[in-house]
Peer 1: 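Structure below; questions to follow.
Remember, it's a predicted structure, so these values are computed and weren't measured experimentally.
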Amino acid sequence: MTLEDLQVVLKVAEFRSITAAAISLDMRTATASAAVKRVEKALGAELFVRTTRQLRLSGAGEKYLPQCEQALHMLELARHNIRDDRETVEGELRLAVSSDLGRNLVIPWLDELMAEQPDLSLRVNVSDSNIDFYRDSVDMALRYGSPDDASLFGFKICDIYGVLCATQAYLDQHGWPGHPHDLAPHNGLFYQLQDIPHDTWTFTREGQRFKVRMHGNRSSNDGDLVRRWCVAGLGIAVKSCLDMSDDLLAGRVISIMPEYQTRMTELWLICPSRQSITPAVRLLRDRLREKCAGILDELARHGHIRRSRG
């Protein structure tokens with residue numbers, strides 16, 4: 001006996017006909033009849049007195065069905081209450097975020113959000129390593145690149161432009177490159193993943209593609225450290241425009257050759273399932289989109305990035 005069976009029984013009682021109830025519920029008459037029989041078997045009593053012309057409630061049916069209808073109404077009310085509760089912005093945000101983006105941009109944005117929503121609490125996993133939602137006890141991850149696991153659910157936040165950047169002092173000392181082929185003599189600062197440094201940089205311009213194998217004396221699996229080396233004038237780096245946004249807008253580093261487009265990726269807020277999408281998650285998604293759009297607009301307005309047309 002299921003809730004659906006009980007709903008069929010109530011509809012049969014309403015119409016005094018299994019056939020009419022089946023038509024109303026858009027199901028086969030045999031299916032509705034089987035549902036009635038399952039309920040009667042589970043209760044150990046007949047709910048209807050059957051004649052050749054009609055059905056009428058038995059004594060057991062007259063006692064049971066009003067209570068059944070009341071119970072189903074309470075269940076539906078409870079379901080609505082849960083749905084209403086889920087619209088409340090509260091609870092714990094358990095977020096994984098990359099080191100550079102997290103420390104320098106996202107954490108301050110989260111502080112603002114929590115000041116506006118006092119019923120929120122926060123647990124942050126700051127790491128550039130891949131996240132396992134079950135091992136690492138997080139509910140969502142803010143990551144560069146779209147999810148490649150079909151079982152995950154995510155929201156795209158924005159497109160991310162890569163920037164080639166260095167300090168004014170470094171460029172004055174080592175020269176300003178005007179073409180990707182001019183980069184070879186420069187000291188590259190590399191992000192490394194699984195002990196493999198990203199030392200081959202690719203650029204495109206007007207349909208042409210240029211690939212440069214760089215050499216350098218520093219690499220790290222921590223994106224924030226690569227940014228700090230760049231700001232310290234220790235070399236030249238390719239980084240996410242979001243990671244470098246504060247430094248670019250403050251003039252601590254300079255975007256080099258913006259007419260040559262380097263790597264592009266996407267920023268995604270990823271969740272383990274659709275069921276994990278709460279009002280707090282949706283609020284965070286909307287805030288991230290708003291903040292990132294504002295930064296990208298400002299970077300484009302100052303010429304640090306050149307957005308693709310179309």
Side-chain angles (χ1 to χ4, degrees), residues 79-163 223-224 227 239-246 249 263-301 305 307-308 310:
R79 184 181 302 172
H80 282 295
N81 289 338
I82 290 175
R83 190 177 299 123
D84 291 342
D85 288 342
R86 289 183 64 190
E87 295 305 315
T88 302
V89 180
E90 62 182 8
E92 186 177 56
L93 287 174
R94 301 192 302 175
L95 174 69
V97 66
S98 57
S99 63
D100 204 351
L101 183 65
R103 290 189 182 100
N104 299 305
L105 289 180
V106 176
I107 299 302
W109 297 344
L110 290 172
D111 290 340
E112 289 179 11
L113 191 63
M114 292 178 67
E116 299 169 8
Q117 304 290 339
D119 292 329
L120 283 178
S121 61
L122 179 66
R123 185 187 301 179
V124 182
N125 180 321
V126 179
S127 172
D128 287 333
S129 301
N130 290 330
I131 290 296
D132 184 315
F133 281 103
Y134 304 100
R135 179 196 66 203
D136 298 315
S137 298
V138 297
D139 298 321
M140 53 192 149
L142 188 64
R143 283 291 183 259
Y144 290 120
S146 58
D148 53 9
D149 187 338
S151 67
L152 300 178
F153 187 83
F155 301 102
K156 180 181 173 181
I157 302 302
C158 63
D159 292 317
I160 298 295
Y161 296 79
V163 289
D224 187 39
R227 183 190 62 82
K239 289 277 292 173
S240 153
C241 65
L242 279 185
D243 290 354
M244 300 302 299
S245 58
D246 282 349
L249 294 170
R263 67 184 187 199
M264 280 198 65
T265 185
E266 298 171 346
L267 184 65
W268 281 71
L269 183 63
I270 304 168
C271 301
S273 69
R274 186 182 290 272
Q275 286 69 36
S276 60
I277 309 301
T278 65
V281 173
R282 291 194 292 271
L283 182 63
L284 175 60
R285 171 203 63 193
D286 294 343
R287 183 60 56 90
L288 290 170
R289 285 174 174 170
E290 174 191 344
K291 292 287 190 179
C292 290
I295 290 177
L296 293 174
D297 286 343
E298 194 169 359
L299 289 172
R301 190 163 55 248
I305 61 174
R307 286 174 161 171
S308 302

Peer 1: Any side-chain to backbone donor/acceptor pair from Lys239 onto Gly223? Under 3.5 Å, distance only.
Peer 2: yes

Peer 1: Heavy atoms, side chains only, cut-off 4.5 Å: are Val106 and Leu95 in contact?
Peer 2: yes

Peer 1: Among Leu113, Asp111, Leu105, Ile107, which residue meets the side-chain contact (heavy atoms from CB on, under 4.5 Å) test with Trp109?
Peer 2: Leu105

Peer 1: Rounded to the nearest 0.5 Å, what separation is found between the CD1 atom of Ile305 and the CE atom of Met264?
Peer 2: 8.5 Å

Peer 1: Would you say the side-chain atoms of Ser240 pair up with the backbone N or O of Leu242, donor to acceptor, closer than 3.5 Å?
Peer 2: yes

Peer 1: Do the side chains of Cys158 and Ile160 get nearer than 4.5 Å, heavy atoms only?
Peer 2: yes

Peer 1: Of all the heavy-atom pairs spanning Met114 and Ser121, show the shortest one and how long it is.
Peer 2: CE-CA, 3.8 Å

Peer 1: To the nearest 0.5 Å, what is the distance between OG on Ser245 and CD1 on Ile295?
Peer 2: 4.0 Å

Peer 1: Do you see a donor-acceptor pair shorter than 3.5 Å between the side chains of Asn104 and Asp224?
Peer 2: yes

Peer 1: Could you tell me if the side chain of Tyr144 sits less than 4.5 Å from the side chain of Ser98, heavy atoms only?
Peer 2: yes

Peer 1: Measure the shortest side-chain to side-chain distance between Val124 and Val97 over non-hydrogen atoms and say whether it is less than 4.5 angstrom.
Peer 2: yes

Peer 1: For the atom pair CD1 (Ile157) and CG (Leu269), what is the distance rounded to the nearest 0.5 Å?
Peer 2: 5.0 Å

Peer 1: If I take atom CD1 from residue Ile277 and atom CZ from residue Arg282, how far apart are they, to the nearest 0.5 angstrom?
Peer 2: 8.0 Å

Peer 1: Let's go through Leu122 and Glu92 carefully: what are the C-alpha distance in whole Å and the side-chain angles of both, what is the deciding distance for side-chain contact (heavy atoms from CB on, under 4.5 Å) to 0.1 Å, and is it a yes or a no?
Peer 2: CA-CA 5 Å; Leu122 179 66; Glu92 186 177 56; over 6 Å; no

Peer 1: Taking side chain as C-beta onward, heavy atoms only, is Met140 less than 4.5 Å from Arg94?
Peer 2: no

Peer 1: A side-chain contact here means heavy atoms from C-beta on lying under 4.5 Å apart; do Arg263 and Tyr161 qualify?
Peer 2: no

Peer 1: Let me confirm one number: the SG-CZ distance from Cys271 to Arg285, rounded to the nearest 0.5 Å.
Peer 2: 10.0 Å

Peer 1: Check this for me, if you would: do Arg227 and Asp243 make a salt bridge, where the nitrogen-to-carboxylate-oxygen distance has to be below 4.0 angstrom?
Peer 2: no

Peer 1: For Pro272 versus Asp139, what's the shortest heavy-atom pair and its separation?
Peer 2: CD-O, 3.1 Å

Peer 1: Strictly distance-based, threshold 3.5 Å: is any side-chain N or O of Asp128 a donor or acceptor partner for the main-chain N or O of Ser99?
Peer 2: yes

Peer 1: Going by heavy atoms in the side chains, are Trp268 and Lys156 under 4.5 Å from each other?
Peer 2: yes

Peer 1: Do Arg123 and Leu93 have side chains that approach each other closer than 4.5 Å (heavy atoms only, starting at C-beta)?
Peer 2: no

Peer 1: Are any of the side-chain nitrogens in Lys291 or Glu112 under 4.0 Å away from the carboxylate oxygens of its partner?
Peer 2: yes

Peer 1: Taking the side chain from Arg287 and the backbone from Leu110, do they hold a donor-acceptor pair closer than 3.5 Å?
Peer 2: no

Peer 1: Kindly compute the distance separating CG (Leu101) from SG (Cys292), expressed to the nearest 0.5 Å.
Peer 2: 7.0 Å

